[in-house]
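Here is the structure we will look at, set down as structure tokens.
Just so it is clear, the values below take in all heavy atoms, side chains as well, and ignore hydrogens, waters and symmetry mates. Throughout, residue positions are numbered sequentially from 1 according to the sequence presented. Order of listing sets the numbers, starting from 1, for every ligand and every atom in it.
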Amino acid sequence: MRDNIAACRTWVVKIGSSLLTNEGMGLDRKAIAGWAAQIVTLREQGRRLVVVSSGAVAEGATRLGLKAVPREVRMQAAAAAVGQMGLIQAWESCFAEQGVHAAQILLSHEDLADRTRYLNARSTLVSLLKLAAVPVVNENDSVATDELCLGDNDTLAALVSNLINADVMVILTDQDGLFSADPRSNAAATLVATARAGDPELERMAGTGSRLGRGGMITKLSAARLAARSGTHTIIANGRRPGQLLKLQAGEALGTWLSADREPVTARKQWLAGQLTLKGSLTLDLGAVSVLRKHGKSLLAVGIIATRGRYQRGEVVACVDESGNEIARGMVNYNSGEVARLLGQDSGRIAELLGYAGEEEIIHRDNLVLTG
Ligand code: GLU
């Protein structure tokens with residue numbers, strides 16, 4: 001599996017806050033220069049790289065003399081506005097020393113939730129890569145709200161991997177990878193060298209996060225699962241150790257490799273799967289669950305038992321089984337009031353029940369992606 005790395009042309013490299021800010025002591029310019037130099041070498045070997053850089057909030061807190069990283073969202077937003085300046089200056093100058101342009105991209109939840117804005121972000125990233133600049137991406141924390149934020153940069157890196165169809169997403173963190181148990185408290189814990197992204201067994205092993213960044217191992221695992229939808233493999237490696245990116249490229253078996261072993265879903269379906277907030281849910285009966293899972297068919301009203309939430313035609317909802325587990329998500333052809341009238345009904349009766357003829361299916365299979 002791992003030797004695939006030689007064939008990985010497009011990389012997303014995500015670097016966490018504690019690495020970038022020296023555990024909250026201020027930006028680690030030497031480390032940033034080290035990653036920039038490795039990235040430039042990889043580019044010279046014909047690879048395309050996008051950096052997802054955390055550290056704005058942590059650096060802002062340091063600059064503002066705050067005792068700890070703020071918890072309150074507006075204070076985080078304010079700290080990020082200050083810290084992002086330093087962060088991007090550091091990346092800019094480290095790449096400039098190597099004769100390479102860095103490009104700042106700040107993305108918000110809405111940029112990725114809205115299909116047109118999503119496609120715009122993709123074109124910009126692709127254009128930057130064509131122009132041989134290195135995009136340095138972060139969440140636009142200054143305009144994020146509690147409800148509408150991407151939340152953590154592991155998820156952001158996975159969504160960026162989907163956007164550009166990355167071959168590999170490297171998550172540099174302050175641990176050597178995923179361990180079978182928490183290595184800080186269990187001496188018998190061993191490093192998981194390779195596994196399948198999305199394997200439920202992995203979540204049992206994962207512990208909690210650090211005090212600076214937002215993502216823990218669980219978040220990294222769900223990011224790996226999301227990235228796998230574009231066929232992107234994930235590597236979790238220790239960014240404190242020097243030369244990790246080049247060593248990975250040279251085929252050294254570092255960190256944890258989480259392989260994306262299924263066929264990538266279409267770009268449209270990746271976008272659907274990557275939606276972080278859903279407008280409602282449809283509860284399906286056993287028959288509909290199995291038809292969706294095994295046969296990849298469209299969702300018809302006859303298999304829907306209940307509808308929750310208020311949604312409009314064209315919005316994305318979850319499809320859950322009777323125990324509430326998410327099976328799929330998709331874009332609905334009818335609004336919530338109409339779906340409520342169609343529950344359990346044969347598609348042939350739609351015109352009679354609604355007073356007009358619409359689509360035969362509640363969610364067409366082209367707009368439906370399996371997620372569970
Ligand atoms: N966007 C946040 C920052 O730059 C980091 C989020 C995270 O820790 O994953 O500070």
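Remark: ligand 1 and Lys14 share no N or O pair separated by less than 3.5 Å (distance only, no angle test). Ligand 1 has an N or O atom lying under 3.5 Å from an N or O atom of Asp141, backbone or side chain. Between Ala56 and ligand 1, at least one pair of N/O atoms sits closer than 3.5 Å. At under 3.5 Å, a nitrogen or oxygen of Val57, whether backbone or side chain, sits near a nitrogen or oxygen of ligand 1. Residue Asp154 places no N or O, backbone or side chain, under 3.5 Å from any N or O of ligand 1.
Looking only at side-chain heavy atoms (C-beta outward), Leu276 and His109 come within less than 4.5 Å of each other. Within the 4.5 Å cutoff, the side chain of Leu150 has heavy atoms near those of the Leu112 side chain.
Within a 6.0 Å radius of CZ in Arg117, more than 12 heavy atoms belonging to other residues, nucleotides or ligands are found.
Judged by distance alone, with hydrogens and angles left aside, the side-chain atoms of Ser161 form no donor-acceptor pair with the main-chain N or O of Ala166 at under 3.5 Å. Under a 3.5 Å cut-off, the side chain of Ser17 and the backbone N or O of Gly55 do form a donor-acceptor pair.
Using a 4.0 Å cutoff on heavy atoms, Gly55 counts as a contact of ligand 1.
Here the rule is side-chain contact (heavy atoms from CB on, under 4.5 Å) with Trp11, and of Ile39, Leu42, Asp167 only Leu42 fits it.
Which parts of ligand 1 touch Asp152 is read off a 4.0 Å heavy-atom cut-off, strictly below it: atoms 9 (O).
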